[in-house]
Asker: 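There's a structure below that I have some questions on.
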Amino acid sequence: MIDTLTKKDLDQAIAKRRTFAIISHPDAGKTTITEQMLLFGGVIRSAGTVKGKKSGQYATSDWMEIEKKRGISVTSSVMQFDYAGKRVNILDTPGHEDFSEDTYRTLMAVDAAVMVIDTAKGVEPQTKKLFQVVKKRGIPIFTFMNKLDRDGREPLDLIAELEDLLHIEGYAMDWPIGMGKGLKGIYDRQNKRIELYRSEAKGENFIPLNADGTIDASNPLTEEGEYQDTLGDIDLLNEAGNKFDLAKIAKGEQTPVFFGSALTNFGVKTFLDSFLSMAPGPSAHETVDGDKIQPDSDDFSGFVFKIQANMNPNHRDRIAFVRVTSGAFEKGMDVTLARTGKTLRLNNATEFMSDEREQVSQAVAGDIVGLYDTGNFAIGDSIYTGKTKVQFPKLPQFTPELFVRVTPKNVMKQKSFHKGMKQLVQEGAIQLYRTYNTEDYVLGAVGQLQFEVFQYRMLHEYNSEVEMTPIGSRTARWIDPEQLDPSMASSRNLLVKDLAGNPLFLFENRFAENWFHDKYPDVKLTAKFEMD
């Protein structure tokens, strides 16, 4: 129930929330653009980059040590700040396809998505995959064409590719004037101005457009060929391009497109200001029973979309990330865990600035809070107050494709080995199995990089060196325990149990699976959520 917040206060607080994820193919620049947004939010003094190793300056959102060493993002980060009258919650997601599952779950916790595209490469495979998830949710998608400071593809081709590959209308909010070494600025259609690139005159970054959409002839920019080319493109967009449609944007059928360079912080503020003016606040969430939980409900509800161990290695903590879906979170409140029906008191909660955090006493629908967890929560858990049970749909879990056997190199460190195995598996990036008869550990993952990260974190966070023996690519299929006969197993279909004790076969290849179907036609085999 709402205690310290009046109904009016709650409504006003929720209306200020903007919660979104940033998606892209690896190296398109999503972490860099996140840094620039944090700079505008006043929470950092200078922006690091994920590849700033020589300077010792790293991206704020890449807090994990292995991310700093390898220059990649391998876990979703949550960052919160206030800007332009809004409370902004950014979820910076892994771009690497081996960590798609973490990204997919994160996308269930946001109200909008920002898609970052490299202007030289266009829509890349991982961007396309993640876009499809966002598209299915029907949430608004905003596009930032990045790396304008480098030579890239024709802007008209990039807009056309959105429609051809992603089947979404693109509306250019602004347009480049040149590119790479010839970059002069952007033509801002929305704000009716030209934003200059690296203007030497202080305070003269913007030139207003006349009523006819041009600038005063006395301005030296009018003599530049890039400017004249842009005017031609603008005429074409005005006559033959898509018409701006806010209703389509809200349904994810049209994406506003912005151009800029995150690395040089060009066009990012223009994008952020426009995005926050158009992006939606928190919306209703549907339960498994088909009910819609409104964000301004008197009762609190939320769901766990991510669990992270050792965000503070000194304290060996475990944080459950919760998207608040309705009402207000209050420190010390009692909630019901839908999965077990147990009552839990939420005394310890935090909000994040990557690895930095501060205690939070209150949060409202749209916010992301971190709950200190001793093992009560699992990914996908729903929590709520009030008498009516609230259970949100399960979050996606992929069927692993690669498998390894895992053993500790030092048998004297079994305690740290088992603790590390338990905590890292609970994060959901890798899945743990035990062989049916011998109880040996088998790990399953979507991609090889997950194993490398697991091995690195076991050593550096739990002081446990592990030996991993590849089993190779396998097809995982679950079997009804009542239909199982252990003699069905063979060298070509390894029988294992998942964490819940459910039996499954790891088939060597499709031929082995087909052979099994032919031999046991009445046995039903099932897979988990598939990435396509």
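Throughout, residue positions are numbered sequentially from 1 according to the sequence presented.
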Asker: M108 vs F305, test: side chain to side chain contact (heavy atoms under 4.5 Å, CB included). Steps then yes/no.
Answerer: CA-CA 8 Å; M108 301 298 113; F305 66 92; 5.8 Å; no

Asker: Is it possible for you to check whether R193 lies under 6.0 Å from the centre of the six-membered ring of F206, through NZ or CZ, and within 45° of that ring's axis?
Answerer: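 Yes.
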
Asker: Just wondering, are more than 12 heavy atoms of other shown residues or ligands nearer than 6.0 Å to NZ in K16?
Answerer: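 Open.
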
Asker: Check V114, L166, I168, L162 against I141 for a side chain to side chain contact (heavy atoms under 4.5 Å, CB included) and give me the one that passes.
Answerer: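 Single pass found, and it is I168.
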
Asker: Verify whether one side chain among N191 and D188 offers a donor that lies under 3.5 Å from an acceptor in the other.
Answerer: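 The criterion, which ignores hydrogens and geometry beyond distance, is satisfied for D188 and N191.
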
Asker: For residues 173-185, which side-chain N or O atoms pair as donor and acceptor with protein atoms under 3.5 Å away, sequence neighbours left out?
Answerer:
residue, atom, partner, partner atom, Å
D174, OD1, F259, N, 2.8
W175, NE1, D233, OD2, 3.1

Asker: For R474, is there an ion pair with E401 - N to carboxylate O distance below 4.0 angstrom?
Answerer: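 The answer is no: the pair does not qualify as a salt bridge.
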
Asker: Can you label the angle between the Y83 ring and the F40 ring as parallel, tilted or perpendicular, going by 30° and 60°?
Answerer: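 Tilted.
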
Asker: Using distance alone, with no hydrogens and no angle criterion, decide if D245 and Y171 have a side-chain donor and acceptor under 3.5 Å apart.
Answerer: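 Y171 and D245 do not have a side-chain donor-acceptor pair below 3.5 Å.
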
Asker: Would a distance-only check, ignoring hydrogens and angles, find a side-chain to backbone donor-acceptor pair under 3.5 Å from Y227 to P220?
Answerer: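 No, Y227 side chain to P220 backbone: no donor-acceptor pair under 3.5 Å.
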
Asker: Do Q190 and S274 meet the criterion of a side-chain donor-acceptor pair at a distance under 3.5 Å?
Answerer: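 The answer is yes; a qualifying pair exists.
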
Asker: One thing to verify: whether D111 and R18 come together as a salt bridge, which I'm taking to mean a side-chain N less than 4.0 angstrom from a carboxylate O.
Answerer: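 No, R18 and D111 are not salt-bridged.
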
Asker: Is a donor from one side chain sitting under 3.5 angstrom from an acceptor on the other, for T270 and E195?
Answerer: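 The criterion, which ignores hydrogens and geometry beyond distance, is satisfied for E195 and T270.
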
Asker: Between F275 and F20, is the ring centre distance below 6.0 Å?
Answerer: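 F275 vs F20: aromatic centres under 6.0 Å.
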
Asker: Does any donor atom in the side chain of D212 or T214 lie under 3.5 Å from an acceptor atom in the other side chain?
Answerer: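 On atom types as modelled, these side chains qualify, holding a pair under 3.5 Å.
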
Asker: Tell me, with the steps shown, if L196 and L221 meet side chain to side chain contact (heavy atoms under 4.5 Å, CB included).
Answerer: CA-CA 10 Å; L196 296 175; L221 183 61; 4.1 Å; yes

Asker: Using a 6.0 Å cut-off, check whether atom CD of E154 has over 12 heavy atoms from anything other than its own residue.
Answerer: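 At most 12 heavy atoms, drawn from other residues, nucleotides or ligands, come within 6.0 Å of this atom.
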
Asker: Regarding K86 and D82, does a basic nitrogen lie under 4.0 Å from an acidic carboxylate oxygen?
Answerer: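 No salt bridge links K86 with D82.
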
Asker: Say whether, by atom type as modelled, one donor and one acceptor occur between the side chain of R87 and the main chain of A13 under 3.5 angstrom.
Answerer: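 No; zero donor-acceptor contacts below 3.5 Å.
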
Asker: Identify each donor-acceptor pair in which a side-chain atom of residues 115-123 lies under 3.5 Å from a protein atom, sequence neighbours left out, and give them as a table.
Answerer:
residue, atom, partner, partner atom, Å
D118, OD1, A120, N, 2.8
D118, OD2, K147, NZ, 3.4
T119, OG1, N146, O, 3.0
T119, OG1, K147, O, 3.3

Asker: With no hydrogens and no angle check, do the side chains of N238 and R189 hold a donor and an acceptor under 3.5 Å apart?
Answerer: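 Side-chain D/A pair, N238 to R189: present.
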
Asker: Under 6.0 Å between ring centres: does that hold for F258 and F144?
Answerer: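 No; F144 has its ring centre 6.0 Å or more from that of F258.
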
Asker: Just checking, any donor-acceptor pair under 3.5 angstrom between side chains of T127 and S24?
Answerer: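 Side chains of T127 and S24: no pair found under 3.5 Å.
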
